[in-house]
Amino acid sequence: MQFLQVACFDEWRAAARTLLCNEVHPSEVHWTQDDKSPGLFDGFSQVEHAQKEDADQDTRTHTMRFNVPSAFLDLARTVACHRNPSRWQLLYQTLWRVVHGERHVLELDTDDDVHQLQRMKKAVTRDVHKMKAFVRFRKIEAGNLPEIYLAWHRPDHLIMRLAAPFFTRRFKGMSWTIFTPHESAHWDQKQLTYGPGIPASQAPPPDEQEELWKTYYASIFNPARIKLDTMKREMPVRHWRTLPEADLIEDLVRDAPARVKVMIDNHEGFSETGVHYLPEQRDLSSLRKAVGQCQACDLCHDATQAVFGVGPANASVVLVGEQPGDREDVTGTPFVGPAGQLLNAALFQAGIDRTSVYLTNVVKHFKHEQRGKRRLHKKPDSREIYACRPWLEAEISALKPKMVICLGVTAAQALMGRDFRLTQQRGVVHKTQWSTRTLATWHPAAILRMQNVQRKREMESQLIEDLRQGMETTR
Ligand code: URA
């Protein structure tokens with residue numbers, strides 16, 4: 001049995017490479033966590049020691065090359081920041097499998113090792129996200145010294161090196177140090193360096209910056225979305241101590257109902273929407289051109305392109321889906337993937353020529369999650385739907401259709417309100433701001449997902465019937 005102690009990803013990788021070169025099976029290694037801050041001490045301590053033990057082994061280490069997929073290394077780099085001491089073992093045993101004939105193991109979500117690694121990755125990613133959101137700097141001025149900003153934060157995992165580069169981009173023109181109990185990061189406006197951590201008892205003192213933060217937080221606080229349990233989950237109570245705005249929460253929560261009413265009346269509460277990107281001239285072709293520039297929500301960063309509606313400018317029927325899928329994102333055209341094919345078949349059976357209707361989506365960018373090589377669809381949230389609404393409004397104003405058909409519950413609720421229930425109101429024609437005739441029916445993707453064969457057939461015929469009804473009312 002070999003006993004190895006490692007502190008960080010680089011140490012683990014060096015050790016794992018040596019072990020693989022020497023064909024050391026995972027069951028013959030016992031990994032433990034070295035609690036020193038990574039990079040603070042010289043060399044690789046015990047790992048290096050183990051490597052030096054055998055010069056022949058060392059030579060082999062440097063001459064053998066392993067073809068490890070970059071997806072594994074990315075995953076390992078993130079999982080290495082998890083606190084669970086078993087991560088080193090788990091990583092090595094998965095790496096062993098990858099290089100011993102199971103190269104595609106990461107694509108098996110049902111595999112126990114992969115599942116555990118994915119869960120750890122998720123926890124670390126979430127923790128990085130929280131650090132980006134909850135770090136608050138305090139200005140320190142000492143005599144003639146240049147001002148410096150200090151922050152103290154307690155992450156759940158050892159994420160300083162994953163999160164710090166974000167702060168160098170975000171606060172490029174400030175000198176700052178972020179302390180965590182495990183490690184600190186220092187930025188002097190040129191170089192990022194790491195040092196030891198400090199305990200909570202030595203966290204930087206409060207100062208007048210807090211008032212600024214409080215004013216800012218009070219101004220962005222959205223009482224319409226207040227959910228105390230969610231808030232505690234998103235902003236765990238243990239972070240509240242270092243967040244100046246936490247003092248305000250009680251007051252803001254108490255005043256929330258009255259403020260919600262004012263917000264609804266004023267239609268405020270969300271920050272940016274696509275309205276800032278709309279062109280002056282709002283015909284379909286200028287809208288299509290302009291939507292490519294929209295950055296009203298974050299979805300634009302991960303999508304290939306914005307997918308605008310297609311169809312004739314004089315179409316009397318508009319079909320509205322949820323958001324583009326993987327194929328739509330790549331091709332730039334709505335409803336060309338599997339759901340689009342089912343829709344084509346339903347339109348055909350309803351006696352409708354696809355090219356005579358206008359097809360679009362509530363959200364114009366593909367929201368997804370990367371799983372190995374696959375991009376899995378994720379439902380857009382109310383913030384993204386709200387941000388994208390001006391595009392749909394402009395599109396429908398330009399078209400002035402006689403009938404709008406919502407495909408699925410996301411479109412139905414976006415156009416007819418959050419209380420809309422597809423199971424109860426499917427196929428019923430409503431008068432709305434969008435058109436004097438608006439109805440909602442099944443989304444073709446919901447039909448594709450339906451496992452029960454009889455129910456699937458029933459939904460298919462209801463979709464065809466609703467499309468036919470929609471078309472007939474316009475004749
Ligand atoms: N699903 C949608 O809602 N829209 C598309 O364009 C494709 C799939």
Side-chain angles (χ1 to χ4, degrees), residues 274 284 287-288 291-292 294 297 299-300 302-312 315 317-348 350 352-371 374-389 391-396 399 401 403-416 418 420 422 426 434 438-450 456 459-460 462-464 466-467 470:
L284 291 177
L287 287 166
R288 181 172 296 111
V291 76
C294 184
C297 73
L299 298 187
C300 60
D302 292 331
T304 311
Q305 57 191 315
V307 179
F308 201 64
V310 287
V317 176
V318 173
L319 302 187
V320 185
E322 181 190 87
Q323 61 159 345
D326 183 76
R327 290 305 305 151
E328 288 79 14
D329 171 75
V330 174
T331 57
T333 308
F335 288 103
V336 290
Q341 281 163 25
L342 195 146
L343 179 65
N344 287 350
L347 284 167
F348 179 75
I352 302 169
D353 173 8
R354 171 171 165 143
T355 60
S356 71
V357 296
Y358 187 89
L359 287 163
T360 190
N361 285 298
V362 166
V363 169
K364 307 297 192 235
H365 282 109
F366 177 36
K367 180 169 179 179
H368 60 275
E369 183 183 299
Q370 194 76 40
R371 279 273 183 86
R374 289 165 61 213
R375 301 191 303 168
L376 301 185
H377 161 275
K378 278 183 89 176
K379 218 170 148 52
D381 61 28
S382 50
R383 153 92 189 87
E384 291 142 0
I385 292 171
Y386 186 79
C388 216
R389 192 179 174 94
W391 294 108
L392 187 64
E393 282 176 346
E395 232 172 347
I396 294 190
L399 287 154
M403 166 63 83
V404 172
I405 301 180
C406 303
L407 298 172
V409 71
T410 304
Q413 292 190 346
L415 275 70
M416 292 190 272
R418 294 290 294 268
F420 191 92
L422 195 54
R426 199 212 89 251
W434 309 92
T438 307
L439 72 77
T441 185
W442 302 119
H443 193 292
I447 301 178
L448 286 177
R449 280 196 304 271
M450 176 51 66
K456 195 182 184 97
M459 287 165 80
E460 250 165 3
Q462 288 171 340
L463 170 65
I464 296 165
D466 293 338
L467 291 171

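One-based numbering, in listed order, for ligands and for the atoms of each.
A salt bridge links Arg375 with Asp329: at least one charged nitrogen is closer than 4.0 Å to a carboxylate oxygen. With salt bridges taken as basic N to acidic carboxylate O contacts below 4.0 Å, one links Glu395 and Lys364.
With ligand atoms numbered from 1 in the order given, ligand 1 contributes 3 (O) to contacts under 4.0 Å with heavy atoms of Gly321. The atoms of ligand 1 that sit less than 4.0 Å from any heavy atom of Pro334 are 6 (O).
Ring pair His443/Phe335 is tilted by interplanar angle, where 30° to 60° counts as tilted.
Heavy-atom separations between His443 and ligand 1 include at least one value shorter than 4.0 Å.
A side-chain donor-acceptor contact under 3.5 Å links Arg288 to the backbone of Gly309.
Residue Phe335 has at least one nitrogen or oxygen atom sitting less than 3.5 Å from a nitrogen or oxygen atom of ligand 1, judged on distance alone.
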Test side-chain hydrogen bond (donor to acceptor under 3.5 Å, both in side chains) on His365 and Glu384 and set out the steps. CA-CA 9 Å; His365 282 109; Glu384 291 142 0; over 6 Å; no
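Protein heavy atom at the shortest distance from atom 5 (C) of ligand 1 is Gln323 O, 3.4 Å. Here the heavy atom of the protein found nearest to atom 4 (N) of ligand 1 is Asn361 OD1, 2.7 Å.
Both the backbone and the side chain of Glu322 come within 4.0 Å of ligand 1, counting heavy atoms alone.
Between the CD1 atom in Ile396 and the OH atom in Tyr358 there is a gap of 9.0 Å [rounded to 0.5 Å].
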